[in-house]
Amino acid sequence: MAKLVSNKQVILRDYVSGRYPTESDMYVKTSNISLKVPHVQGQGEGPCNNIVLVKNLYLSCDPMMRFLIMDTSHYKMTKYDYCTPGSPICGYGVAKVLDSSNPEFKEGDLVWGLTRWEEYSFITNTASLIKIQHTDVPLSYYTGILGMPGKSAYAGFFEVCTPKKGECVFVSAASGAVGQLVGQFAKLAGCYVVGSAGSKEKVDLLKNKLGFDEAFNYKEEHDLNAALKRYFPQGIDVYFENVGGDMLEAVLLNMREHGRIAVCGMISQYNLPEPQGIKNLMQIAFKRLHIHGFTHRDYDHIVPKYLDFVLRYIRQGKLVYVEDIVEGLENGPAALVGLFTGRNFGKQVIALADQ
């Protein structure tokens, strides 16, 4: 008989739409789970042929999870497992395989991909799981620099924006999981880079640890247009968009002709009852701007190239990755909610267990 163990979980209480999520939108409960892939009646003695049982080691807090906890009956992003009330939160994580009926995974494998906010998970969407081959770096990096945020930063900057040496690059939400990498990639590419963040401490991080040429606290700027003119007197060639709203309006006024904007996210809009209308859109035509929305899911094919690129710089000490790690699943709700008020300092990660 398979061993039964307790399984702590973070459960979504109800869909959250049109407002900021709160810790009370989630609750922690403990259930029991069998540490064996289940058998299915009517399919012989063998287990289901596409289930992986994992022990979750690290869970990732990402702004895109905001869409996974809202009622998206009118729109869904493809390739994601959406949360339903009464079930565990879903998102990216790093895990160890305990049992598998999928021949591609075996006991002991380390993987990253879509999982659930619980100590142990049965994963049926095994197409999202990627085996971890490089263990000479922290496993938590696979929630960030070596996972979805890293792929997003690389694809958006190099594949979408096609930067040239000497160009001027602006990154909003620059101290976050994606932004901190975009800025460092820009420096490696020989660009001048400025980032915006929401506190003095984060501005200091950008300039003194991550190598940005300049950075500013957007909360202290009463005129974002004037702030951008101060840092980019000749205009912006590349804008990596993570914020939207007022920041995007100001950026449009400061873009150079034929500038490129990679739209990765717009965190200022995620919790509004209605999206904010954007002014200055004629600048797109006047300046012949290229604005490209993208998702990391379109760039799975670049993962080997990206890993070769980024692992080399990590091992050489030329890339820094700042993590904000909290211990324990019970602290997950506060960590997730804090993303939307800027409470995190770097990539937000929840540590559950050692291997």
Side-chain angles (χ1 to χ4, degrees), residues 1-40 47-48 51-73 76 80-101 111-126 128-129 139-140 142-143 270-271 324-341 343-344 348-355:
M1 181 177 291
K3 181 181 179 182
L4 280 178
V5 298
S6 63
N7 188 28
K8 190 182 295 182
Q9 303 171 303
V10 174
I11 305 297
L12 178 66
R13 194 179 300 276
D14 201 357
Y15 291 123
V16 183
S17 299
R19 61 173 175 82
Y20 282 83
T22 66
E23 292 179 49
S24 63
D25 292 316
M26 297 160 269
Y27 61 94
V28 178
K29 82 168 192 178
T30 300
S31 59
N32 291 323
I33 188 171
S34 169
L35 294 187
K36 193 73 177 172
V37 167
H39 289 64
V40 174
C48 311
I51 297 179
V52 176
L53 169 65
V54 300
K55 176 183 180 181
N56 291 310
L57 307 178
Y58 294 96
L59 296 175
S60 180
C61 289
D62 298 297
M64 69 87 184
M65 293 174 66
R66 183 63 187 83
F67 298 102
L68 304 185
I69 61 173
M70 65 171 58
D71 183 359
T72 55
S73 53
K76 284 186 181 292
Y80 278 114
D81 293 329
Y82 282 79
C83 308
T84 55
S87 297
I89 300 288
C90 47
Y92 283 95
V94 175
K96 183 177 182 178
V97 175
L98 299 183
D99 191 23
S100 174
S101 60
V111 296
W112 74 270
L114 290 171
T115 186
R116 297 276 173 173
W117 278 32
E118 53 191 354
E119 293 175 292
Y120 303 92
S121 294
F122 286 111
I123 298 177
T124 56
N125 181 14
T126 57
S128 80
L129 296 180
L139 283 179
S140 58
Y142 288 91
T143 69
Y270 297 168
N271 301 297
D324 186 341
I325 300 180
V326 300
E327 300 280 345
L329 191 58
E330 64 277 5
N331 293 312
L336 180 58
V337 169
L339 282 182
F340 303 102
T341 57
R343 191 188 308 159
N344 59 301
Q348 187 70 72
V349 183
I350 306 164
L352 270 62
D354 295 324
Q355 292 188 53

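What's counted below: heavy atoms across the whole structure, side chains too, no hydrogens, waters or symmetry copies.
Atoms OG and CD1, on Ser140 and Ile325 in that order, are 4.0 Å from each other to the nearest 0.5 Å. Note that CG of Asp14 and CD1 of Ile69 are 10.5 Å apart. Values are rounded to the nearest 0.5 Å. Taken from CG in Leu57 to CD in Glu119, the straight-line distance is 11.5 Å, to the nearest 0.5 Å. For the atom pair OH (Tyr92) and CG (Leu59), the distance works out to 13.5 Å, reported to the nearest 0.5 Å. We find the CZ-CD1 distance between Arg116 and Ile89 to be 9.0 Å, quoted to the nearest 0.5 Å. Atoms CG and OG1, on Leu336 and Thr22 in that order, are 10.5 Å from each other to the nearest 0.5 Å.
Residues Met26 and Val337 meet the side-chain proximity criterion, which asks for heavy atoms closer than 4.5 Å. At least one side-chain heavy atom of Asp25 sits under 4.5 Å from a side-chain heavy atom of Arg19. Side-chain contact between Tyr120 and Ser31 is absent, with no heavy atoms from C-beta onward closer than 4.5 Å. Here the side chains of Phe122 and Val52 are not in contact, with every heavy-atom distance at 4.5 Å or above. A 4.5 Å side-chain heavy-atom check between Glu118 and Leu352 finds every atom pair outside the cut-off. Looking only at side-chain heavy atoms (C-beta outward), Leu53 and Lys36 stay at 4.5 Å or farther from each other. Counting only heavy atoms from C-beta outward, the side chains of Cys90 and Leu114 never approach each other to under 4.5 Å.
One N or O on the side chain of Asp99 and one on the backbone of Val37 form a donor-acceptor pair closer than 3.5 Å. Side-chain N or O atoms of Ser17 include none that pairs as donor or acceptor with a backbone N or O of Met70 at under 3.5 Å. A donor-acceptor pair under 3.5 Å is formed between the side chain of Arg13 and the backbone N or O of Ser24. In terms of modelled atom types and a separation under 3.5 Å, the side chain of Ser121 and the main chain of Thr115 share no donor-acceptor contact. Counting only distance, with no hydrogens or angles, the side chain of Gln9 and the backbone of Lys29 share no donor-acceptor pair below 3.5 Å.
When all heavy atoms of Gln348 and Leu339 are compared, the pair lying nearest together is CB-CD2, 3.9 Å. Nearest heavy atom pair, residue Pro88 against residue Trp117, reads CB-O, 4.1 Å. Of all heavy-atom pairs spanning Asn271 and Pro21, the tightest one is OD1-CD, 3.2 Å. Nearest heavy-atom pair across Asn56 and Ala95 is OD1-CB, 3.7 Å. Shortest non-hydrogen contact noted between Pro333 and Val10 is CG-CG1, 3.9 Å. Across Ser60 and Met65, no two heavy atoms sit closer than the pair O-SD, 3.3 Å.
With sequence neighbours left out, Tyr270 forms a ring pair (Phe, Tyr, Trp, His ring centres under 6.0 Å) with Phe67.
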task: Start with the C-alpha gap between Val111 and Val97, add the side-chain angles, then the distance that decides, and say whether side-chain contact (heavy atoms from CB on, under 4.5 Å) holds.
output: CA-CA 7 Å; Val111 296; Val97 175; 4.1 Å; yes
- request: For side-chain contact (heavy atoms from CB on, under 4.5 Å), just list the numbers for Ile33 and Val5, CA-CA rounded to whole Å, side-chain angles, deciding distance to a tenth of an Å, and then say yes or no.
  value: CA-CA 6 Å; Ile33 188 171; Val5 298; 3.6 Å; yes
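For Asn32, the CG atom is densely surrounded, since the number of other residues' heavy atoms within 6.0 Å is greater than 12.
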